[in-house]
Amino acid sequence: MPLLFLDHADVESLLPMAECIEVVEGALRSLARGEAVQPLRSALWMPDRHGLLAVMPGMLGRLDGGDPVAGVKVITVMPGNHAHGEESHQGLVLLFEQERGRPLALLDATAVTAIRTAAASAVATRALAREDAGDLALLGSGTQARSHLEAMSAVRRLRRVRVWSRNPESARRFAEMGSRGPGLTPEAIEAMPSAREAVEGADLICTVTAATEPVLQGDWIAPGAHVNAVGACTPRARELDGAAVARSRLFVDRRESALAEAGDFLLARSEGAVTDDHILGELGEVLEGRIPGRQSQEEITLFKSLGIAVEDLAAGRHVYRKASGG
């Protein structure tokens, strides 16, 4: 069978959010059971540090009837692309079957990343947020804000959505377009002039910015809130201050990755706000019932998402099976 190429539109049509949430949950459970191989990714800065190139390999065993696969996502992260109307994340996912190592598919990684990242946050929200959570704050107004609005809507009934961006016009446009989504009235989503006003009283918070310095302060977070920290993915970048991390019960997608790459955690640790023991475990371990998730209505839970290759491989395999009729 020839190598299958699936472009951005193909991936979007074959990977609806509701399906991707279940696929990503399955991948994280598989990882917790030891049925997947998830090494650290490699990342190289461009010579002038305006962006980086990341290589993310992994292997995934049988999942929901799917054959074992190996693969790699190669992606560039260029925060400055937003100023030119282009996506910050660009790249490809290459999928192989494990038995003979035959390449199966080449997929647009921009679409895969946009959908599976928000799907992972939805899995965390479903597992860790209060059942009645529905007041959502989005810090950021780009691609991940859009996909996170859809993902949060899939796992919680949203009553109110507030969005903040360092570019107020971008937040205004997001609010205008987002209010056209399913189940949201024009009054349900508002652009806010400050991050603090966006998160005041919110019980769901998603940080999806390209910030390298904190945009979310610990003393702003309401008791009982759940936070998905998504945007910062290098050791020197953070969206949360040390107090926000220290106040929260912290869960990660992969402990090894968090200890090597999660600036939100690493910088809080360097300030003495937390120690390594503050990472309670991986989300897959919560899903498998190995460690407790939320333990009270008042505690703050935090999911630090870095994005891992098994999520990409699971999403890629799901798309490949649908596209090939498997």
Side-chain angles (χ1 to χ4, degrees), residues 1-44 52-77 87-123 143-144 147 151 233 253-254 256-257 283-284 305-326:
M1 183 180 295
L3 182 69
L4 183 64
F5 175 70
L6 299 167
D7 65 16
H8 193 283
D10 294 328
V11 173
E12 284 194 330
S13 67
L14 293 167
L15 192 62
M17 183 61 71
E19 291 181 16
C20 193
I21 291 169
E22 304 308 322
V23 166
V24 168
E25 175 165 337
L28 294 173
R29 285 178 176 271
S30 181
L31 183 62
R33 294 193 298 263
E35 300 166 356
V37 177
Q38 179 57 70
L40 284 174
R41 60 186 160 202
S42 299
L44 302 173
L52 56 82
L53 171 71
V55 181
M56 302 169 60
M59 298 183 188
L60 192 62
R62 292 187 183 277
L63 178 69
D64 297 331
D67 292 329
V69 293
V72 60
K73 180 167 79 171
V74 181
I75 194 165
T76 57
V77 182
E87 296 286 350
S88 61
H89 291 63
Q90 314 251 355
L92 295 166
V93 176
L94 180 57
L95 204 63
F96 298 83
E97 54 90 17
Q98 283 192 24
E99 184 177 358
R100 294 182 177 84
R102 180 171 55 88
L104 299 173
L106 196 61
L107 301 91
D108 176 81
T110 302
V112 172
T113 302
I115 301 166
R116 69 82 161 139
T117 303
S121 293
V123 173
T143 297
Q144 282 300 330
S147 60
C233 59
D253 45 16
R254 188 65 166 166
E256 181 185 22
S257 299
L283 180 56
S305 173
L306 285 166
I308 50 179
V310 294
E311 297 169 349
D312 299 300
L313 299 186
R317 178 168 62 185
H318 183 74
V319 169
Y320 171 76
R321 287 173 62 191
K322 291 178 70 174
S324 60

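Residues satisfying the side chain to side chain donor-acceptor pair (under 3.5 Å) test with E256, not counting sequence neighbours, are none. Partners of A151 according to the side chain to side chain contact (heavy atoms under 4.5 Å, CB included) rule, which considers only residues two or more places apart in sequence or in another chain, are M17, A118, A122. In terms of the side chain to side chain donor-acceptor pair (under 3.5 Å) criterion, residue partners of R29 (sequence neighbours excluded) are, by chain and number, E25, E288.
In terms of heavy-atom proximity, D253 sits nearest to G307 at OD2-N, 2.9 Å. Taking all atoms of both residues into account, the shortest heavy-atom contact from I308 to S257 is CG2-OG, 4.2 Å. When all heavy atoms are compared, the tightest approach of A309 to P57 is CB-O, 3.3 Å. Minimum heavy-atom separation, M59 to A70: CG-CB, 3.8 Å. Closest approach of L15 to H318, counting heavy atoms only: CD1-CD2, 3.9 Å. Taking both residues in full, the closest heavy atoms of V23 and A315 are given as CG1-N, 3.8 Å, listed atom of the first, atom of the second, then distance.
Residue S42 holds its OG atom at 11.5 Å from CG of L52, rounded to the nearest 0.5 Å. Taking SG of C20 as the reference point, atom CG of L14 lies at 12.0 Å (rounded to 0.5 Å). Atom CG of D67 is separated from atom CZ of R321 by 8.0 Å, given to the nearest 0.5 angstrom. Expressed to the nearest 0.5 Å, how far CG of D108 lies from CG of D7 amounts to 7.0 Å. L6 contributes atom CG, which lies 9.5 Å from atom OH of Y320 (distance to the nearest 0.5 angstrom).
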Could you please spell out the steps behind the side-chain contact (heavy atoms from CB on, under 4.5 Å) verdict for L28 and E311?
CA-CA 7 Å; L28 294 173; E311 297 169 349; 3.8 Å; yes

Might you work through the side-chain contact (heavy atoms from CB on, under 4.5 Å) test for R41 and L306, ending with a clear yes or no?
CA-CA 11 Å; R41 60 186 160 202; L306 285 166; 3.6 Å; yes

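Listed by first then second residue, pairs satisfying side-chain hydrogen bond (donor to acceptor under 3.5 Å, both in side chains) with a partner in residues 9-18 number zero, not counting sequence neighbours.
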Under 3.5 Å, sequence neighbours excluded: what are the donor-acceptor pairs made by side chains of residues 110-117?
residue: T110; atom: OG1; partner: H89; partner atom: O; Å: 2.8
residue: T113; atom: OG1; partner: K73; partner atom: NZ; Å: 2.8
residue: T113; atom: OG1; partner: A109; partner atom: O; Å: 2.7
residue: R116; atom: NE; partner: D312; partner atom: OD1; Å: 2.8
residue: R116; atom: NH2; partner: D312; partner atom: OD1; Å: 3.3
residue: R116; atom: NH2; partner: D312; partner atom: OD2; Å: 3.0
residue: T117; atom: OG1; partner: T113; partner atom: O; Å: 2.6

Listed pairs under 3.5 Å, donor-acceptor, residues 91-98 side chains, sequence neighbours left out:
residue: E97; atom: OE1; partner: E99; partner atom: N; Å: 2.8
residue: E97; atom: OE1; partner: R100; partner atom: N; Å: 3.1
residue: E97; atom: OE2; partner: R100; partner atom: N; Å: 3.1
residue: E97; atom: OE2; partner: G101; partner atom: N; Å: 3.3
residue: E97; atom: OE2; partner: R102; partner atom: N; Å: 3.0
residue: Q98; atom: NE2; partner: L60; partner atom: O; Å: 3.3
residue: Q98; atom: NE2; partner: V69; partner atom: O; Å: 2.8

